[in-house]
Amino acid sequence: MSAIFFVLRKSLKNTLLELLHHPAKLILYIFVIFIILASGISNMVGVDTEEVLLDMRILEGIYLGVLLLVLVPTLLMGLRSGTTFFTMSDVSMLFVAPISSKKILTYGLLKQAGTTLLLTFLLLSYGGMAIRMFGLPVWQGILLLAGFALTIPLTQMATMTIYSYVNGNDRRIKMVKTVLYLLIVLLAAAIGWHIYQNGVSQESLFAAISSPWLEFFPIAGWMKGFLFALFTGDMPRILLFAGLLAVGAVVCLLLFLRSDADYYEDVLQNTESTYAMRQAVKEGRVAAGTVSTRTPKVKDTGLKGGWGASAFFYKQMREIRRRSPLLFVNVSTLILLAAVLFMGFVLRNAEDLSPNLIMMIMLCMGVYVLFFLNAAGEWGREIMKPYLYMVPASPLKKLIWASLTSIIKPGLDGLIIFVIGGILVKGSPLTVAVCIFMFFSFGCLFTASNILSQRLLGQMANKGLIMVLYILLVLLLVLPGLLVGVVLYFVFHTPGAVMGIPVILWNIGLSFGIYAICQNTLHNMETH
């Protein structure tokens with residue numbers, strides 16, 4: 001075990017020395033840490049006791065949803081490939097050493113704990129927002145972050161245990177998937193039935209998403225139930241969910257250690273795949289987050305149109321159609337719709353908010369979610385492929401055609417989302433139209449900002465740092481249009497919907513300007 005602790009110490013020391021040898025990277029890290037700490041602490045201290053607080057049941061539903069977003073995808077992805085805590089250097093040094101496999105697994109868990117703590121620190125600002133918006137004591141906000149941090153290793157432990165028993169057996173894999181899908185359906189049915197029985201209202205929605213029955217969903221529900229029982233001092237529920245978490249963790253560990261499956265070969269294969277993917281991202285051969293082992297169904301072939309630069313658009317349309325028969329309507333559309341409609345349900349009965357103002361708040365929520373979803377668009381995949389630079393066509397035309405699907409999708413998503421949202425909160429047709437066009441304009445700007453980010457920042461291995469700089473870049477680009485809209489509203493007392501028009505014009509005009517300025521991004525391959 002001393003050899004393992006030696007590896008941990010050396011890894012930490014080498015990481016710190018690398019930062020010291022790269023002062024620019026160190027300064028960037030310090031800057032990012034300062035922003036996160038400032039955001040989190042500013043929300044934790046100086047909370048106005050007279051400020052109107054949100055219903056605590058909203059936080060219960062959101063927290064359970066976040067934990068499920070960690071649990072469910074991890075389990076589904078791990079059924080065939082398992083999950084690994086190890087890197088290629090770990091495999092090279094530890095898997096060939098005369099060290100117990102149990103000790104090596106302990107090393108993996110300790111190493112993963114450090115990564116989990118870092119991720120939890122990055123969520124500090126959201127913990128501060130929860131403290132301010134729901135009036136939580138600081139210790140409760142810290143416990144919410146700790147619960148999130150603990151859920152990750154518990155999920156990975158459960159995934160490795162299940163994988164060790166279903167590996168190579170399609171019948172068992174299908175059975176586990178069926179059970180998992182059944183649990184998700186039961187959870188959704190419990191929420192839907194509660195709303196159906198009590199009527200579609202804000203109160204019934206809050207009661208449904210905070211229902212005690214949802215807390216029996218394994219791991220995620222148990223963690224949520226334990227923490228919120230702790231907040232209310234409900235001792236029977238505290239003991240129940242603490243016991244379920246403890247027993248679940250012990251059972252998973254014992255089953256894994258007693259299983260006959262030798263995880264070395266499986267972990268080695270998964271680690272090699274992960275390493276190859278990361279190398280491809282670093283070398284610019286594929287976009288981060290776009291690697292998928294899923295093989296799309298090929299029914300039709302051919303681009304069915306396109307010549308020169310426009311062929312990129314038709315190629316992407318063919319790829320999109322293979323993934324979804326509904327073309328641009330996919331999972332991201334459902335995520336956006338759920339987020340915006342949830343905000344509408346929360347606010348639609350507020351006495352001091354007009355329907356049009358609620359629509360604008362829903363728009364802010366939609367734009368916020370769109371910001372994070374936009375990076376996964378077709379443009380992010382296309383720019384990493386070499387033939388985009390080699391086609392003998394105008395760079396500006398290639399830039400426009402290659403990113404056109406990433407511009408069209410927000411427009412169609414906005415049409416679906418805000419027509420339904422407008423019906424929900426009874427917003428005026430003018431406000432609905434402005435929301436649709438504003439959402440579309442932000443989609444254009446986010447895509448253009450991605451192009452500008454490629455031009456200014458290039459390819460960096462650390463996507464977390466790029467994201468922070470990208471956020472600051474977008475804020476600077478959006479600011480002039482927002483300021484004009486604010487001046488029109490507060491100085492000239494124009495209707496609320498009218499203040500969105502300058503933002504729309506600014507975003508679209510600036511997007512075209514960025515395209516024109518950055519057209520030489522595709523001028524030749526040597527610059528990438």
Side-chain angles (χ1 to χ4, degrees), residues 61-62 65 69 184 188 191-192 195-196 200-202 205 208-209 296 313-314 316-348 353-381 403-450 478 496-497 500-501 503-505 507-508 511:
I62 291 174
L69 285 175
I184 297 171
I191 296 175
I195 295 174
Y196 175 76
V200 180
S201 66
Q202 187 183 79
L205 175 65
I209 62 177
F313 171 74
Y314 287 93
Q316 291 172 17
M317 291 293 291
R318 171 61 63 200
E319 292 171 347
I320 293 171
R321 187 181 295 277
R322 286 175 178 173
R323 291 195 296 268
S324 171
L326 299 177
L327 286 179
F328 294 102
V329 180
N330 53 21
V331 175
S332 64
T333 306
L334 298 179
I335 293 173
L336 282 164
L337 184 62
V340 171
L341 292 187
F342 178 77
M343 183 62 69
F345 266 112
V346 171
L347 300 176
R348 70 173 185 164
L353 295 177
S354 67
N356 292 334
L357 183 55
I358 294 174
M359 285 290 296
M360 289 299 172
I361 297 173
M362 291 164 66
L363 172 67
C364 293
M365 171 60 76
V367 169
Y368 180 77
V369 177
L370 176 66
F371 175 82
F372 294 100
L373 295 176
N374 183 263
E378 298 299 319
W379 162 249
R381 300 178 179 90
S403 60
L404 190 56
T405 55
S406 296
I407 294 174
I408 293 174
K409 179 168 171 51
L412 295 178
D413 285 347
L415 181 64
I416 295 170
I417 292 165
F418 292 105
V419 167
I420 297 174
I423 295 172
L424 174 68
V425 302
K426 299 178 181 178
S428 70
L430 175 61
T431 304
V432 171
V434 169
C435 286
I436 293 170
F437 281 104
M438 282 189 69
F439 191 80
F440 168 71
S441 73
F442 274 102
C444 294
L445 184 61
F446 291 157
T447 301
S449 300
N450 253 319
V478 171
I501 296 177
V503 180
I504 296 171
L505 297 175
N507 287 350
I508 294 177
S511 300

Nearest heavy-atom pair of Gly500 and Met438: which atoms, and what distance? CA-SD, 3.6 Å
Sequence neighbours left out, what pairs pass ring pair (Phe, Tyr, Trp, His ring centres under 6.0 Å) with at least one residue falling in residues 319-342? none
From Ser332 OG over to Leu337 CG, what is the distance, rounded to the nearest 0.5 angstrom? 11.0 Å
How close do Ser441 and Ile508 get, counting heavy atoms only, and between which atoms? CB-CG1, 3.9 Å
Asp413: what forms a side chain to side chain donor-acceptor pair (under 3.5 Å) with it, not counting sequence neighbours? Thr333, Lys409
Spatial distance of atom CG (Leu347) from atom CD1 (Ile361) [nearest 0.5 Å]: 5.0 Å
Within residues 408-429 or reaching into it, pairs that qualify as ring pair (Phe, Tyr, Trp, His ring centres under 6.0 Å) - sequence neighbours excluded: Phe418-Phe439
Applying side chain to side chain contact (heavy atoms under 4.5 Å, CB included), can you list everything that pairs with Leu415, at least two apart in sequence or on another chain? Val419, Ile436
Sequence-distant partners of Ile195, side chain to side chain contact (heavy atoms under 4.5 Å, CB included), two or more places apart: Ile191, Val200, Ser204, Leu205, Ala208
Within the supplied structure, the quantity of interest is the number of heavy atoms (other residues, nucleotides, ligands) at a distance under 6.0 Å from Phe345 CZ; does it exceed 12? yes
For the CG atom of Leu505 and the CZ atom of Phe437, what is their distance to the nearest 0.5 Å? 11.0 Å
Identify, with sequence neighbours excluded, every residue that meets ring-ring contact (aromatic ring centres under 6.0 Å, His included) alongside Phe313. Trp401
Polar side-chain atom of Ser354 near backbone of Leu357 as donor-acceptor pair, under 3.5 Å: yes
For Met317 and Thr405, which heavy atoms make the closest approach, and how far apart are they? SD-CG2, 4.2 Å
State the CZ-CD1 distance between Phe446 and Ile407, to the nearest 0.5 angstrom. 13.5 Å
CA sep, side-chain torsions, deciding dist, call: Ser428, Thr431, side-chain hydrogen bond (donor to acceptor under 3.5 Å, both in side chains): CA-CA 5 Å; Ser428 70; Thr431 304; 2.8 Å; yes
Reported CE-to-CE distance for the pair Met365 and Met362, which is rounded to 0.5 angstrom: 10.0 Å
Distance in Å, Phe442 CZ paired with Ser449 OG, rounded so as to fall on 0.5 Å steps: 10.0 Å
Closest heavy-atom pair and its distance - Ser406, Thr447: O-OG1, 3.6 Å
With Leu336 as partner, the option from Ile417, Leu341, Val367 fulfilling side chain to side chain contact (heavy atoms under 4.5 Å, CB included) is Ile417
Nearest heavy-atom approach of Ala339 to Val369 is CB-CG2, 3.9 Å
